[in-house]
Amino acid sequence: MRWSQYFIPTLKETPAEAEILSHKLLLRAGLVRKLTGGLYTFLPIGLRVLRKIENIIREEMNRAGAVEVLMPALQPPEIWQQSGRYETARDVLYKVKDRANKEWVLGPTHEEVITTLVAGEISSYRQMPKNYYQIQVKFRDEIRPRFGLMRAKEFIMKDAYSFDASDEGAMVAYRKMYDAYTRIFNRCGLRNFPVEADTGVIGGNHSHEFMVPAETGENDVVYCEACGYAANIEKATSGLPKTAARELGAAVEKFATPGVVTIEALGKAPYSVPANRQIKTLVYIADSHPLIILVRGDDQLNETKLLAKTGAVAVRPANAEEIVPLLGAKPGSLGAVVNVPATVKVIADERLRGANDMTTGANEDGFHLRNVSMERDVKVSDWFDLRTVTKGEPCAKCGQSLKIQRAIEVGHVFKLGTKYSEKLNANFLDAEGKSKPCVMGCYGIGVTRTLQAVIEQCNDKDGIVWPVAVAPFAVCITPLVVAKDSPVMQLAEKIYTDLTAAGIEVILDDRDDRPGVKFKDADLVGFPLRLGIGEKSMAKGEVEFKPRGGELTAIKADEVLVKVREFLASRV
RNA sequence: CGGGACGUAGCUCAGCCUGGUAGAGCACUUGGUUUGGGACCAAGACGUCGCAGGUUCAAAUCCUGUCGUCCCGACCA
């Protein structure tokens, strides 16, 4: 490819819209342009990288036994109603109407479509296992699109769906995808690691996310260096001991705490109740039912856990207008000991189990209760792990100190079970002739997000530093004289022809620009190797050999092909 | 949806407080000089100041509304 005929609109200055580094580089290196918030056009360089990533994914999916299909992006709402997600996923569903005023949805994912397909095609256990995947555009009505391709309204996803006759078979399929994902992200040049994950609205009971460590990520990952435990903070647990039981004190005692409405204030004189001896009382609305949540004063409620453990579709904190009529006091004086309506369930964090000598609100403004025993004084309906892990806590598996790292989620694998096959009638007959629902798994990779994650991880002060496997071109030839009949340009053309003939992807910077401009652009766009050809080096029969981010050396002009091959082979 | 900031040339931004001829740098065009890490000189072209109302003799500037962008939060498969 000749640069002058291509389309690489690099930017010297950073567009105001970009905040994080990868987003800036995406724009500056001319990979994408924004149409409007959350919607981007891929320019040729960006598209080439996208295709590279897609092909790596294809190769690994195929290798793992998955088969490529392509499903419609526009879908009938009926299948979403059938699966129940027309309601549970309604916030992210784009809906459109046709001329007859019939409603359609733009697919945010394809469980409904693939399950409907399979329901009509698979009828025997002999036809499984099966795994179908596609690389497709998805549409999600994100509340706040941000960070360029990281969270967009429209994005490209690889999604695979496995169908098995048994739970054991489904686990095999899951494991195959898990291994394939590790290979895919490694091949893309990404440092990455799988973590245990929450399954969210998609359902299922076994799930891992593939994370790329990055400070700009939207996830917190809890991990243990000693034993390898790693989990999304939404799911992570630790080996922290339960609250120590003490000598069971006298009966509950009410005491005045005028103006004290925070854990912190109650911890100070004259009360001096340490946070770990307080019970924090929160009120949540779960699918329109109020719930009382108890966690220890020094713990934070993890809403994802709450959602998962209660099985609710949605939870949100109740506001003061809802709380006062319910418990008779404002937030800051709440508790679950007295004046709790019988209809309201009390859910408590495991860490409080057996705790006594605790202090909590009295459900009366300006008063708290001391000598509270969870067992004796609080009627708890359910005990769950509900707290958020913090760094430094002991690992539940090995006791070593846990760490927390920000990360970008680039892939997610789920064991779905029969949630969708049951609702959408994807049944088969087993060896005994008994009808059963297929056991499913689903496996997603954010392709466009992965592209940006590579940039986020592979860059320096001059621009992008592409791993060879996903580089838009492996080599950039930079002749410093571009007149057609000049010896420099003739050598550049020869090298270009030779490398291209050898199957190497080369871009020839034939623009009539000053050297500095070309060097800066080549660095910004990030080609792994740049070959510089000027009159000086040429006089010595040499060509400049400059790996991106490495040292410039001179090589013999007639050794270019060999040296380039060596270099590329060493980087795979 | 709550909080904040912003919207002026293709891009980055100044001007707004204190109303009165719309600016700079980069990019672009032409000519010249340059030519190994984003050149220099000269001349030029480029704007309904996001949009709609209002106040005023007069609005980029003040007021109201609206749309859009970005940040924080909430939310999030």
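Just so you know, these numbers come straight off a predicted model, no measurement behind them. Chain letters run A, B, ... following the sequence lines, proteins first, then strands; residues in each count from 1.
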| Starting at CE of M440(A) and ending at P of A77(B), how long is that distance when rounded to a whole Å? |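 These atoms are roughly 18 Å apart.
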| query | Would you say the side chain of D513(A) and the base of G38(B) hold a donor-acceptor pair, judged only by whether the two atoms sit under 3.5 Å apart? | reply |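 It does not, because no donor-acceptor pair links the side chain of D513(A) to the base of G38(B) below 3.5 Å.
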Return no unless some side-chain N or O of [X] is found under 4.0 Å from OP1 or OP2 of [N].
{"X": "R146(A)", "N": "C72(B)", "result": "yes"}
{"X": "T14(A)", "N": "U12(B)", "result": "no"}
{"X": "R144(A)", "N": "C1(B)", "result": "no"}
{"X": "K518(A)", "N": "G37(B)", "result": "no"}

| query | Given side chains that start at C-beta, do those of D523(A) and R548(A) come closer than 4.5 Å, heavy atoms only? | reply |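 D523(A) reaches R548(A) side chain to side chain.
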[atom1]-based separation of [M] from [N] [nearest Å]:
{"N": "A59(B)", "M": "A22(B)", "atom1": "P", "value": "12 Å"}
{"N": "A14(B)", "M": "G36(B)", "atom1": "C1'", "value": "36 Å"}
{"N": "C41(B)", "M": "C62(B)", "atom1": "P", "value": "36 Å"}

| task | Give the ring-plane orientation class for F193(A) versus Y223(A), where under 30° counts as parallel, over 60° as perpendicular and anything between as tilted. | result |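 Rings of F193(A) and Y223(A): tilted, 30 to 60°.
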| request: Just say parallel, tilted or perpendicular for the rings of F567(A) and F545(A), cut-offs at 30° and 60°. | output: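 Rings of F567(A) and F545(A): perpendicular, as their planes differ by over 60°.
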Report the base-pairing partner of [N] (Watson-Crick or G-U wobble, both distances below 3.5 angstrom), or none.
{"N": "A39(B)", "result": "U33(B)"}
{"N": "C6(B)", "result": "G68(B)"}
{"N": "U18(B)", "result": "none"}
{"N": "C1(B)", "result": "G73(B)"}

| Cationic N near anionic O, under 4.0 Å, E409(A) to R151(A) |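 Salt bridge: no.
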